[in-house]
Protein chains: 2
Amino acid sequence: MTPDAGHPAPSDLKRKGMIEHVSPHHWNALGPLFAERHTYAANTVISRRGATLDHSLLLLDGVVARSIPRANMQHSTFVALQFKGDFVDLHAFPLKQLDHDVVAVTAATVAVIQHAALKQLLDGDIELSRMLWSLTLVDASIHRHWAMRNSSMRGFARVANFFSEIDARLAAALGQQQDTYTIGITQTDIADATGLTPVHVNRVLRDLREDGCCAIASGQLTIMDRARLHRRGDFDPAYLYLPNSDAEL
Amino acid sequence: MTPDAGHPAPSDLKRKGMIEHVSPHHWNALGPLFAERHTYAANTVISRRGATLDHSLLLLDGVVARSIPRANMQHSTFVALQFKGDFVDLHAFPLKQLDHDVVAVTAATVAVIQHAALKQLLDGDIELSRMLWSLTLVDASIHRHWAMRNSSMRGFARVANFFSEIDARLAAALGQQQDTYTIGITQTDIADATGLTPVHVNRVLRDLREDGCCAIASGQLTIMDRARLHRRGDFDPAYLYLPNSDAEL
DNA sequence: ACACAATCTTATCAAATGTTAAGCGGCCCA
DNA sequence: TGGGCCGCTTAACATTTGATAAGATTGTGT
């Protein structure tokens, strides 16, 4: 952890990505409460499960994973990935303790909000409270689809669906769809997120590339044929509840 | 659906199970809003994904699944199971539309609360709002562990962990731990919930029985050796945030 | 430029899981 | 009461995925 906290609140807060679910008006009240910034190096732990948290984080840049370590501690599973504009652990506000670790997968910058300040704001603002509640429910929806994906899709479709989600979420976070994203995750990260072994992920990646769907190299994801990718991964973005989308559920 | 709605609110509402997270004081305000009762037969759909909901359900009896149908519609995956005392679709209150179907796995009885009435109550009660928010966050925690379980545990441990969860949750719902639970789910249901095929579930069930962990027959789950079952399933109940438990996370 | 570590890639073999098919038994309903 | 459906069980075989190992490649710090 690089505690470059304390310096005056920078103006790098953009209401972009999932945070757009908070209306401009409410953002005016909420945004200024993010006084601190922190930076984490790749592969560092941001918070451990069971720790009592008095603050939550908004991800400004990088990729952060929610990770559940297995008993033997040899291995852990990613149960969520967060991108720019996502709240990382807003659920710690009502829950206080989390059931998983929070890990910086790449170098990551976050903005910090103290629960005390947030409580004071939310106690007087029912509407904003409900917006933030909804934000955590979208996370839950994504969890459900991760469970579905990793339970009932075989390797090839599984990874195709996974990349489809990343494409859709990053497009929303960046404000526009792209053919190439710089995300900086490794094949091992993909393995942790999809429940496959790194070796098998490598096999599937080759298949996806040869099939003309997408390719990933040195942290760069390239969408070669989006329609094909979606078809192979049986992908329907409705569950993402993306802001500014009126997708039918 | 058996629309036996409209008759005077029965007094069958017990604050037992997960609903205990709502304090007795707040339950006095919330409980009376559940004016209607509905009963559903086994294997019937309670609500379809995408439908707009103006009410939520509290499960009084039976087992209900949240189910995500696959594109081909041949098959669907269970992403959650709800038991007595669980809110089934409280997340529909902020979200209005759900991303999954809600299905009665066994015959099920629910109590209905209208969102309009709930909103009126919650608009004036920040504390209760936060309790209900927390309830939906516990669901999210369980989702994460389903993702972890079905992603990173092999068949045997997976099913052992699954039954461990059911044991723990039903014990909380019934108020005491039991050696036998009548749940009435089929091997196909277990397959839908664990991401295995029915045939493989059958194999694993035989192994669990022969190993002396647990057995399931005609809808009756029998815990033969709880400690052993937990060990085999690498089970730690902290993620369930059970009421009246101070489990360390 | 070099050494070192991490990541990626490929091969081979083993184990877990899926698929298909068949038979059995209970239960509901005509 | 008989037929048919549903759920359970087992078997044989196919496919997917995991495990292990080795080498190639890339990146990084000195």
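In what follows, every chain begins at residue 1, and chains take the letters A, B, ... in the order their sequences are listed.
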All side-chain contact (heavy atoms from CB on, under 4.5 Å) counterparts of A:R228, not counting sequence neighbours: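 A:R228: side-chain contact (heavy atoms from CB on, under 4.5 Å) contacts with A:D211, A:C213, A:D225, A:R231, A:R232.
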Which residue pairs satisfy the ring-ring contact (aromatic ring centres under 6.0 Å, His included) criterion with at least one member in residues 163-197 of chain A, sequence neighbours excluded?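 Non-adjacent pairs meeting ring-ring contact (aromatic ring centres under 6.0 Å, His included): zero.
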Residues 201-231 of chain A vs ring-ring contact (aromatic ring centres under 6.0 Å, His included), sequence neighbours excluded, gives A:H230-A:F235
### Distance, nearest 0.5 Å, that separates OG1 of B:T194 from CD of B:Q187
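So the gap between those two atoms works out to 10.5 Å.
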Do any N or O atoms of the protein come closer than 3.5 Å to N or O atoms of nucleotides 24-30 of chain C, and which pairs are they?
none

Atom pairs, N/O to N/O, protein against nucleotides 8-15 of chain C, distance under 3.5 Å?
unit_1 : atom_1 : unit_2 : atom_2 : d
C:dC8  : OP2    : A:Q187 : N      : 2.9
C:dT9  : OP2    : A:Q187 : NE2    : 2.5
C:dT9  : OP2    : A:N202 : ND2    : 2.8
C:dT9  : O5'    : A:N202 : ND2    : 3.4

Q.
Under a plain distance cut-off of 3.5 Å, with no hydrogens placed, do B:E165 and B:Y239 share a side-chain donor-acceptor pair?
A. yes
> When you check the gap from the basic side-chain N to the acidic O, do B:D234 and B:R149 get nearer than 4.0 Å?
Replying inline: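 Salt bridge absent between B:D234 and B:R149.
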Residues A:R49, A:D101: salt bridge by 4.0 Å N-O rule: no
Rounded to the nearest angstrom, tell me the gap between atom [atom1] in [X] and atom [atom2] in [N].
| X | N | atom1 | atom2 | answer |
| --- | --- | --- | --- | --- |
| B:D192 | C:dG18 | CG | P | 12 Å |
| B:H200 | C:dG18 | NE2 | P | 6 Å |
| A:D189 | C:dA6 | CG | C1' | 12 Å |
| B:I190 | C:dT17 | CD1 | P | 16 Å |

Across all chains, not counting sequence neighbours, the ring pair (Phe, Tyr, Trp, His ring centres under 6.0 Å) partners of B:H100 are B:H91
Go through the structure and list residues passing side chain to side chain donor-acceptor pair (under 3.5 Å) with [X], not counting sequence neighbours.
| X | value |
| --- | --- |
| A:T106 | none |
| B:S67 | B:S76 |
| B:S151 | A:N150 |
| B:T186 | B:D189 |

(Q) Below 4.0 Å from chain B heavy atoms, what is the first contacting nucleotide of DNA chain D and what is the last? (A)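 From 5' to 3', the first and last contacting nucleotides are D:dC8 to D:dG18.
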Using the side-chain hydrogen bond (donor to acceptor under 3.5 Å, both in side chains) rule, take A:R70 and A:H75 through it: C-alpha gap first, then chi angles, then the decisive distance, then the call.
CA-CA 6 Å; A:R70 289 292 306 283; A:H75 178 244; 5.4 Å; no
- Item | End-to-end axis angle, where each axis spans five pairs of the helix from C:dA1-D:dT30 to C:dA30-D:dT1, to 10° |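 Comparing the first five pairs with the last five, the axes sit 50° apart.
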